[in-house]
Amino acid sequence: MLSLKFHDSNGVLDQGHQASSPVRRDVGNRSLSAVKFLENDDTDLEGGKLEKDRDKTIRSNKVVKIQNQALLSGLAYCISSCSMILVNKLVLSSYDFNAGISLMLYQNFVSVVIVSILTSLGLISTERLTWRLIKVWLPVNVIFVGMLVTSMFSLKYINVAMVTVLKNVTNVITAVGEMYLFKKHHDSRVWAALFLMIISAVSGGITDLQFHAIGYAWQIINCFLTASYSLTLRRVMDTAKQVTKSGNLNEFSMVLLNNTLSLPLGILLIFVFKEVDYLCTTPLLRMPDFWVVITLSGFLGLAISFTSMWFLHQTGATTYSLVGSLNKIPLSVAGIVLFHVPTSLQNSASIVFGLLAGVFFARAKMREGS
C-alpha cells in the first residue's frame with residue numbers, strides 16, 4: 001500500500017485543469033539497494049573510486065524513482081479524471097437519476113468527510129476555516145457551485161465526447177478574460193488554436209445525432225462559469241492568503257473550503273429546483289448498488305484533486321496541461337463505446353478535430369510560456 005503525505009503548496013488549480021507556480025517536491029530518498037550497498041561494502045579503494053561509484057548509484061536510483069513517481073501519478077490522474085466523468089454519466093443517464101444538484105451535494109459531502117478525517121490523522125494539512133476566510137471565499141464558491149451544477153445538467157443530455165469538445169470553449173472565454181482583466185496578450189499560435197476549438201464545437205453541434213438544445217445551453221453556461229471561476233480564483237487567492245494564519249492556502253484547504261461552503265448552498269438549490277419531491281419518490285435511493293456508485297463518484301471527485309496535485313509536484317504545469325488535453329482522447333472514445341452513442345462520420349471527425357485542437361492549444365501555451 002502506498003502512503004503519501006503532502007505539504008503546503010503554492011500551486012493553484014482550477015476546473016479546467018490549469019495551474020500556476022507549482023512547487024516541485026524534492027525527491028531525495030535513497031532506494032534500499034543503495035543503502036545496503038553503502039552499509040555492507042567495507043572495501044577501501046584509493047583515489048575515491050568507491051565514493052564515485054556510490055554517487056553514481058545514488059543518482060541512478062533517484063532518476064528511476066522520479067520517473068516512476070511521475071508515471072504513477074500521471075496514470076492515477078488520468079484514471080481518476082476519466083472515471084469521474086464516466087461515473088457521473090452512468091448515474092445521470094443510465095440510472096436516469098434526475099437530481100443532479102443532489103448528486104453534487106452528496107459528492108461534496110463525501111469530500112468534506114474524507115478531507116476532515118485525513119486532516120485529523122495528520123496525513124494532510126489544511127487551513128482553519130474562519131469567518132474572515134469564508135467571507136472572502138464566498139463569491140468564488142457561488143461560481144464553483146454553479147459550475148458543478150451546470151456540468152451535471154449538461155452531462156445528462158449530452159454525450160461524453162461532445163462535452164469534452166464543448167469544454168474547449170472555456171479556453172476561449174478564459175483567454176479573452178485574461179486579455180481584458182489582466183492585460184495578458186497571447187501569440188498567434190494560441191489564437192489559432194482557440195479558433196480551431198470554436199470551429200470544432202460548432203461543427204460538432206451541427207453534426208451531433210443526439211443534439212439536445214437544453215443540454216447545449218447548460219454546457220455553454222458551464223463554460224462561462226468555469227472561465228469565471230478560473231479568472232476570479234486568481235484574485236481571491238491573494239486576498240484569502242492574507243487572512244489565513246500561515247499566509248498560504250494549499251489545494252487541500254481549497255477543497256475543504258469549497259466543498260464545505262457548497263453544502264448549505266446545495267441544500268437551498270435542492271428546494272429551489274424541487275428535487276426534494278423527486279428524492280422522496282425515486283426507487284433508486286432504495287437500491288444498494290446505486291449508493292455504491294454515487295459514493296464512488298464522491299471518492300473520485302476527491303481523487304482528482306489529490307492526484308492532480310501529486311502529478312503537478314512530480315512533473316510541472318506544462319506536462320500537466322498537455323496530459324490533460326491528451327487525456328480527453330481516450331475519455332471520448334470510452335464515452336462513445338460504453339454508452340453506445342450513435343455517431344456519424346462527420347460528427348466523429350468534428351470530435352477528433354476538437355481533441356487535436358486541444359492538444360495544439362496546450363502545445364501553443366507551452367511555447368508561449370517558454
Side-chain angles (χ1 to χ4, degrees), residues 15-17 78-101 103-104 147-172 193 195-224 226 278 282-284 287 289-290 292-294 296-297 300-301 304 324-361:
Q15 163 86 356
H17 299 113
C78 290
I79 292 172
S80 61
S81 59
C82 286
S83 300
M84 177 65 178
I85 295 177
L86 294 175
V87 169
N88 279 343
K89 181 65 176 176
L90 174 68
V91 173
L92 296 169
S93 296
S94 299
Y95 278 98
D96 196 24
F97 186 62
N98 295 316
I101 300 174
L103 178 60
M104 179 272 298
M147 181 179 70
L148 294 183
V149 170
T150 53
S151 177
M152 292 289 187
F153 287 167
S154 66
L155 193 60
K156 180 173 179 59
Y157 299 106
I158 308 177
N159 67 73
V160 173
M162 278 309 304
V163 166
T164 58
V165 172
L166 293 173
K167 279 184 177 293
N168 285 335
V169 177
T170 302
N171 295 322
V172 179
F195 181 68
L196 294 176
M197 288 178 177
I198 295 175
I199 293 177
S200 66
V202 174
S203 61
I206 294 174
T207 58
D208 188 0
L209 298 180
Q210 291 184 318
F211 180 85
H212 199 293
I214 295 177
Y216 273 72
W218 281 120
Q219 185 54 52
I220 292 172
I221 296 173
N222 175 260
C223 290
F224 277 96
T226 303
Y278 171 78
T282 180
L284 290 174
M287 297 170 55
D289 61 317
F290 179 75
V292 171
V293 172
I294 63 174
L296 174 64
S297 70
L300 288 172
I304 293 175
S325 297
L326 293 172
N327 195 35
K328 292 179 181 179
I329 298 175
L331 173 61
S332 299
V333 174
I336 292 174
V337 173
L338 293 176
F339 297 101
H340 308 289
V341 177
T343 184
S344 63
L345 179 62
Q346 294 86 347
N347 186 245
S348 298
S350 299
I351 292 171
V352 172
F353 186 69
L355 296 173
L356 294 178
V359 176
F360 180 48
F361 173 75

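When reading the values below, keep in mind they use all heavy atoms of this one structure, side chains included, and skip hydrogens, waters and symmetry mates. We number each residue from 1, following the sequence as shown.
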Between OG of S203 and CZ of F353, what distance do you get to the nearest 0.5 Å? 7.0 Å
OG (S80) and CG (L300) are apart, to the nearest 0.5 Å, by 7.0 Å
Sole residue of V352, I351, L355 in side-chain contact (heavy atoms from CB on, under 4.5 Å) with I329: L355
To the nearest 0.5 Å, what is the distance between NZ (K328) and CD1 (I85)? 9.0 Å
Walk me through whether S297 and L103 qualify under side-chain contact (heavy atoms from CB on, under 4.5 Å). CA-CA 9 Å; S297 70; L103 178 60; 4.1 Å; yes
Heavy-atom side-chain proximity of S151 to K167 below 4.5 angstrom: yes
Check N88 against L155 and note the closest heavy-atom contact, atom names and distance. CB-CD2, 3.6 Å
Any L209 side-chain heavy atom under 4.5 Å of N347 side chain: no
Under a 3.5 Å threshold, yes or no: a donor from one side chain and an acceptor from the other, between K156 and N98? yes
Quick one: do L284 and Y278 satisfy side-chain contact (heavy atoms from CB on, under 4.5 Å)? Show the steps, please. CA-CA 10 Å; L284 290 174; Y278 171 78; 4.0 Å; yes
Minimum heavy-atom separation for M147 to N222, with atom names? O-ND2, 2.8 Å
Could you tell me whether the side chains of N168 and S200 share a donor-acceptor contact shorter than 3.5 Å? no
Report yes if some heavy atom in the side chain of I220 is under 4.5 Å from a heavy atom in the side chain of V169; otherwise report no. no
Under 4.5 Å between any side-chain heavy atoms of N327 and C82, yes or no? yes
Euclidean distance, M84 CE relative to L296 CG, rounded to 0.5 Å: 9.5 Å
So do the side chains of Y216 and M162 get within less than 4.5 Å of each other, counting heavy atoms only? yes
Looking at every non-hydrogen atom in both residues, tell me the closest pair between L196 and A357 and how far apart they are. CB-CB, 3.9 Å
Is it true that a side-chain atom of S81 and a backbone atom of C78 form a donor plus acceptor pair closer than 3.5 Å? yes
Any side-chain donor paired with an acceptor under 3.5 Å for T164 and S332? yes
Taken to the nearest 0.5 Å, the spacing of L356 CG from M197 CE works out to 11.0 Å
Between the side chains of T207 and Q346, is a donor N or O closer than 3.5 angstrom to an acceptor N or O? no
Do V333 and V337 come within less than 4.5 Å of each other through their side chains, counting heavy atoms only? yes
To the nearest 0.5 Å, how far apart are CD1 in I158 and OG in S93? 10.5 Å
What's the shortest heavy-atom distance between Q210 and D208, and which atoms? N-OD1, 3.0 Å
How far apart are the closest heavy atoms of F211 and G205, and which atoms are they? CD1-O, 3.5 Å
Return the orientation label for the F290 and Y95 ring planes: parallel under 30°, perpendicular over 60°, tilted otherwise. perpendicular
Give me the atom names and distance for the closest heavy-atom approach of V160 to F339. CG2-CE1, 4.4 Å
